[in-house]
Amino acid sequence: MQFFKVTHRSAKSKARLGEIHTAHGVVQTPAFVPVATKATMKSLLPSLLKEIGTQLAFVNTYHLVTYPGPDIIQKAGGVHEYSKLNLPLMSDSAGFQVFSLAKKTAVPADANSRKANVRGEEEPLVLKIHENGVIFRSVVDGSTFEFTPEKSMQYQKQIGADLIMAFDECTYYPATEKYAEKAMVRTHDWLKRCITYFRDPANHIHSYPQYLYGIIQGGTYENLRKKSAEFISQQDVDGVAIGGVAVGESKEEMRKQVGWVSEYLPADKPVHLLGIGYFDDIIDSVIHGIDTFDCVEATRIARMGRIYTIQLSKIDVQQMPKNDDVELNIVKNEYRNDLSPLVEGCECYVCQNFTKSYVHHLFKQKELLGYTLATYHNLFIMEKFAAYLRELIAKDML
Ligand SMILES: [Zn+2]
């Protein structure tokens with residue numbers, strides 16, 4: 001079976017419909033990829049993901065390596081078997097943690113010095129990035145360990161997600177052009193090492209195939225982004241991902257970065273955009289030819305009581321509302337007495353059965369079911385939204 005095939009190209013934009021075939025199922029693209037960081041979609045049973053219609057989920061290599069460790073996951077037969085997340089899974093390379101943990105571990109005296117610690121020419125304080133790899137500090141027990149391109153591949157093979165990412169350095173924002181270029185060149189060198197390790201049959205662990213994505217970097221610089229896109233697309237990879245976006249730059253800058261690379265993206269390989277989850281950003285990336293996008297937003301805000309209210313039948317994709325305008329905060333007291341469905345018109349199990357008042361009550365009382373219901377609904381909306389976009393693409397309306 002062919003790994004990826006494009007089934008329709010929109011006459012209106014670069015948007016396309018496709019199918020990603022994995023041993024754990026087929027993904028209809030464009031698809032939203034919710035994040036199950038530690039091999040669990042927080043508060044949801046795996047069977048509920050099936051019910052919601054989630055097609056593909058994301059797990060984080062860094063977190064699974066620090067705990068419980070890749071050897072245990074391998075021994076269990078891989079992450080699908082270990083967690084019973086029996087759907088196509090994607091893992092990251094731990095490259096993003098070079099960025100996000102460096103930010104956390106920097107000790108800021110004030111907001112400005114915090115920025116200075118992670119920007120430009122400077123290396124993060126606690127972590128070391130060198131040509132061979134990156135030294136991390138474990139958030140579990142403080143011990144240090146090293147990620148190299150080969151180690152990242154080995155860990156991801158042990159974990160066993162269907163789609164895996166090459167090891168990259170996620171460029172800080174704002175980074176100087178000189179630093180962004182340095183990180184990009186390093187990412188390209190690391191990709192070659194990842195491919196060598198990944199393609200060597202002696203390194204295969206699980207019985208089913210895994211597919212490798214290379215990651216485009218280059219920061220906010222047009223020439224670097226294009227150069228990186230061209231380089232990555234020409235390598236022996238199964239898919240291409242765009243990294244280092246939505247790391248603090250403005251929405252306009254983020255969209256520009258995606259626009260710059262769109263003409264360099266491979267026509268016959270799936271393209272993933274790392275870390276994008278707002279409705280308007282998703283539409284913008286889909287029309288640039290992006291097939292999948294992951295984000296923690298939908299599940300993270302659900303656990304804060306923020307519920308998507310978007311009515312797909314009423315949206316105008318040309319003028320997509322901001323996320324803030326299609327959310328309600330169920331914790332607000334005005335919902336205590338509101339016995340209408342959580343979201344009118346939503347067909348999900350939660351909205352068919354529970355009222356705003358009840359979900360409000362659960363959140364107010366910190367009852368665990370509240371997190372489950374809110375997460376269920378928000379992920380259901382994301383699935384409906386992606387399905388709606390696929391419908392529009394099929395009709396050449398997007
Ligand atoms: Zn609902």
Side-chain angles (χ1 to χ4, degrees), residues 27-37 40-58 85 87 276-283 286 292-317 320-392:
V27 181
Q28 302 292 336
T29 63
F32 175 68
V33 190
V35 181
T37 303
T40 164
M41 193 65 66
K42 290 190 201 314
S43 83
L44 291 189
L45 282 168
S47 59
L48 292 181
L49 285 178
K50 267 232 144 54
E51 203 176 295
I52 290 164
T54 301
Q55 302 189 75
L56 174 63
F58 203 91
L85 288 168
L87 71 162
I276 295 298
Y278 290 112
F279 296 114
D280 53 346
D281 294 337
I282 288 173
I283 289 181
V286 164
T292 52
F293 23 83
D294 71 278
C295 195
V296 295
E297 175 77 5
T299 45
R300 191 180 59 88
I301 66 165
R303 297 193 301 277
M304 298 155 90
R306 284 161 58 194
I307 309 292
Y308 289 149
T309 56
I310 190 165
Q311 301 285 330
L312 294 174
S313 56
K314 291 179 192 154
I315 64 168
D316 173 3
V317 286
M320 201 52 208
K322 296 275 171 266
N323 269 48
D324 288 352
D325 298 330
V326 285
E327 269 176 40
L328 64 82
N329 182 351
I330 201 67
V331 187
K332 284 186 180 168
N333 284 328
E334 65 191 84
Y335 297 115
R336 180 179 180 177
N337 198 25
D338 188 336
L339 292 173
S340 65
L342 181 61
V343 175
E344 299 273 5
C346 178
E347 293 161 358
C348 89
Y349 164 78
V350 176
C351 297
Q352 293 297 309
N353 286 283
F354 301 99
T355 59
K356 289 187 181 72
S357 172
Y358 181 65
V359 180
H360 163 87
H361 153 73
L362 294 177
F363 268 92
K364 276 296 209 194
Q365 299 302 317
K366 296 192 168 52
E367 281 291 339
L368 300 181
L369 184 61
Y371 307 120
T372 303
L373 298 184
T375 304
Y376 187 113
H377 165 82
N378 277 5
L379 286 186
F380 184 86
I381 292 287
M382 293 312 293
E383 284 310 316
K384 284 280 169 200
F385 179 62
Y388 182 64
L389 297 185
R390 293 196 295 271
E391 220 180 284
L392 293 177

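Counting starts at 1 for both ligands and their atoms, in listed order.
To the nearest 0.5 Å, atom CZ of residue Arg336 and atom OH of residue Tyr358 are 15.5 Å apart. Considering CG of Leu56 and CG of Leu49, their distance stands at 11.0 Å, rounded to 0.5 Å.
Minimum interatomic distance between Gly305 and Val331 (heavy atoms only, all atoms of both residues): CA-CG2, 4.2 Å.
Judged as a side chain to side chain contact (heavy atoms under 4.5 Å, CB included), and not counting sequence neighbours, the contacts of Pro341 are Glu344. Remark: Glu51 engages Leu48, Tyr349, Tyr376 in a side chain to side chain contact (heavy atoms under 4.5 Å, CB included) (not counting sequence neighbours). Remark: Lys42 pairs with Arg303 by the side chain to side chain contact (heavy atoms under 4.5 Å, CB included) rule, at least two apart or across chains.
Closer than 2.8 Å to the Zn ion (ligand 1) sit the protein N, O or S atoms Cys346 SG, Cys348 SG, Cys351 SG, His377 ND1.
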